[in-house]
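Notes to accompany the following structure.
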Amino acid sequence: MRERELEEAFRDGLATLAGEAEVSPEAVRRVRERARSGVVRRRRSGWAVAAAAAAVVAVGTGLSVALSGSNGVDQAASPSPRASHSPSPSDVAPQVPGGYRLEVWHDVAVYVPVTWGWGSAPITRGGHPTLCGGGQVVQADGSRLEDEGQPYVGRPVQLSQACDDAALQRRPAAPYVWLGGDVPVGTVDLGDGWVRQTVEVGDVTVSVASDDAALRRSIVTSAHQVTGECDPLLESPPAPAGTTAPDFVPVSMTVCAYRATSTHLDYDLVYEQELSMGAAKYLVAAVDAAAPLGSSSCYSPGGGEWALLRLRGTGGAFRDYVVDMSCPSIADPTGTQHVLDRETVTSWAVGGVNAVLTGSALIETPDRFIPPLP
Amino acid sequence: MGDARPATAGGFDAWASARVPSLLRFAYVVTGSQVEAEDAVQAALERALPRWDRISRAEDPDAYVRRMVVNAHVSLWRRSGRRESPVAVVSLTEGSDPAEQVTTVDAVRRVCAALPRRQRAAVALRFYEDRDYSEIAVVLGCSEATARSYVHRALQALRRELGEEERDA
């Protein structure tokens with residue numbers, strides 16, 4: 001059967017399906033009334049419900065000049081006096097099961113070796129896939145590196161204006177995983193024993209390139225859809241929520257990083273990470289000690305990148321902080337925004353998140369706040 | 001889809017009265033289920049209502065809300081954790097060759113039911129809405145190449161499905 005006939009078959013079949021829909025006046029009324037009264041049968045996760053319960057902190061106008069200029073940035077970036085709680089580097093390191101870590105993109109996750117860094121995956125430009133910023137890697141210790149010999153897990157983000165179409169067919173200097181790359185499903189022989197295998201999990205491609213068949217197989221087979229701690233899709237920016245009790249003691253922290261979709265109607269999960277009690281305690285102390293920004297901190301923030309930091313305590317207690325990357329700030333559950341500086345960033349942005357969230361073009365967050373871990 | 005301008009001039013209720021039937025049909029094609037279609041349209045309208053001043057001034061409010069329907073469906077499905085796609089009851093329809101038409105419609109139904117949600121949405125946008133690939137890419141938040149890939153794979157699946165039916169006949 002020719003392609004055109006198949007297309008016609010789809011057109012005819014879908015038209016028939018559409019005719020099966022109930023569009024009676026009763027059905028129309030039902031839909032309209034439910035929409036009017038907000039009685040859509042929600043199947044939200046507990047997270048989303050909790051987040052929706054609190055209002056997003058409004059960011060007004062006025063201080064954009066200060067933030068985009070040296071004064072504001074310097075002020076935000078300068079170290080501020082800290083509380084006595086000061087974690088060791090191991091406190092803020094990601095929790096690692098068995099030498100592997102979980103990497104999430106949208107609702108797909110894979111396990112990769114814990115020493116691998118983070119980088120880019122192919123995107124489509126000019127009608128064909130290309131790799132922008134290949135070789136630029138954030139290492140597992142949080143530092144940046146331009147070294148094609150560093151294994152990494154990449155996501156379809158543009159780390160550089162320099163794009164390389166040939167990178168998709170070239171034998172790499174180190175193994176990599178691409179999550180959500182614009183790469184066709186199948187196996188590509190990259191030469192000298194190197195193979196890239198691409199599978200699809202749900203709607204997300206997972207590509208693994210290595211000259212080690214066992215490693216490739218173990219990563220590919222670890223790819224799975226997740227219904228994890230982070231909501232994979234938000235309809236609106238996250239909002240701070242949860243307990244404001246001064247005696248709240250967190251036992252863990254989950255980082256959920258989101259970026260606006262191209263339609264700007266939703267926010268997709270781009271990164272998820274579980275962190276330890278030490279990191280969570282450090283964040284609480286850092287935010288408590290950070291200066292409040294006030295109500296007018298940004299002029300028209302538009303980056304559309306957010307990090308939701310959920311701290312869990314005992315007995316079901318939780319506290320959410322929300323980081324706005326385009327208007328650098330971290331909001332606590334009372335709605336107060338605080339400055340982003342080294343102290344309020346380090347505990348949650350170690351490792352991969354700074355390869356995923358870029359902040360606004362004018363304000364280089366969180367990179368500028370993240371020191372390499374010793 | 002028709003011209004949305006006259007309906008938007010009467011406000012949200014007038015627009016909704018005129019457009020909900022076609023939105024439900026579109027959502028049914030995208031979801032394959034009356035319940036899910038109503039959920040998706042409800043969610044889209046609920047989101048559209050507070051933004052109606054802005055949406056009604058858009059060049060194509062219908063397209064905007066259809067995009068919301070697709071997103072709402074994918075979003076609701078992701079949140080629900082469901083991974084199965086319900087298949088609607090097969091209904092016979094008249095045509096020039098009823099037997100052949102039913103076979104083709106059944107094949108389309110089975111192929112759509114087996115597709116991942118975003119791929120199915122791509123098929124609906126391409127072959128029910130007659131959207132081009134750049135528009136599909138915007139709606140689904142993917143690249144144009146990915147949108148083409150979704151549709152191409154669906155066509156291959158339909159080819160296999162129809163091929164199997166021909167062999168079985």
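Every chain is numbered from 1 and lettered A, B, ... according to where its sequence line falls, protein lines coming before strand lines.
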(request) Can you measure from CG (B:Leu155) to CD (A:Glu5) and round to the nearest 0.5 angstrom? (result) 12.0 Å
(message) Need one label for B:Leu24: side chain, backbone, both or neither, based on atoms under 4.5 Å from any heavy atom in chain A.
(response) both
(message) Apply side chain to side chain contact (heavy atoms under 4.5 Å, CB included) to residues A:Val31 and B:Leu23 and explain how you reach the verdict.
(response) CA-CA 11 Å; A:Val31 170; B:Leu23 285 174; over 6 Å; no
(message) Could you tell me if the side chain of B:Ser17 sits less than 4.5 Å from the side chain of A:Val28, heavy atoms only?
(response) no
(request) Could you tell me whether a side-chain N or O of B:Gln34 sits under 3.5 Å from a main-chain N or O of A:Glu22, the two making a donor and an acceptor? (result) yes
(request) For A:Leu6 and B:Leu158, work out which heavy atoms get closest and say how close. (result) O-CD2, 3.6 Å
(request) In plain terms, say whether B:Arg153 and A:Glu200 are close enough for a salt bridge, that is, a side-chain N and a carboxylate O under 4.0 Å apart. (result) yes
(message) So for B:Tyr150, is it side chain, backbone, both, or neither that comes closer than 4.5 Å to the heavy atoms of chain A?
(response) side chain
(message) Is B:Val111 close to chain A through its backbone or its side chain, or both, or neither, when contacts mean heavy atoms under 4.5 Å?
(response) side chain
(message) Quick check for you: among A:Val185, A:Thr124, A:Val183, A:Thr205, which has the greatest number of heavy-atom pairs under 4.5 Å with chain B?
(response) A:Thr124
(message) I'd like to verify something: which residue of B:Ala44, B:Ala154, B:Ala37 has the highest number of heavy-atom pairs under 4.5 Å with chain A?
(response) B:Ala154
(message) Using side-chain heavy atoms (C-beta onward) and a distance below 4.5 Å, is B:Arg159 in contact with A:Glu3?
(response) yes
(message) One thing to verify: whether A:Glu20 and B:Arg109 come together as a salt bridge, which I'm taking to mean a side-chain N less than 4.0 angstrom from a carboxylate O.
(response) yes
(message) Can you confirm whether A:Arg34 sits close enough to B:Leu45 that some side-chain heavy atom of one is under 4.5 Å from a side-chain heavy atom of the other?
(response) no
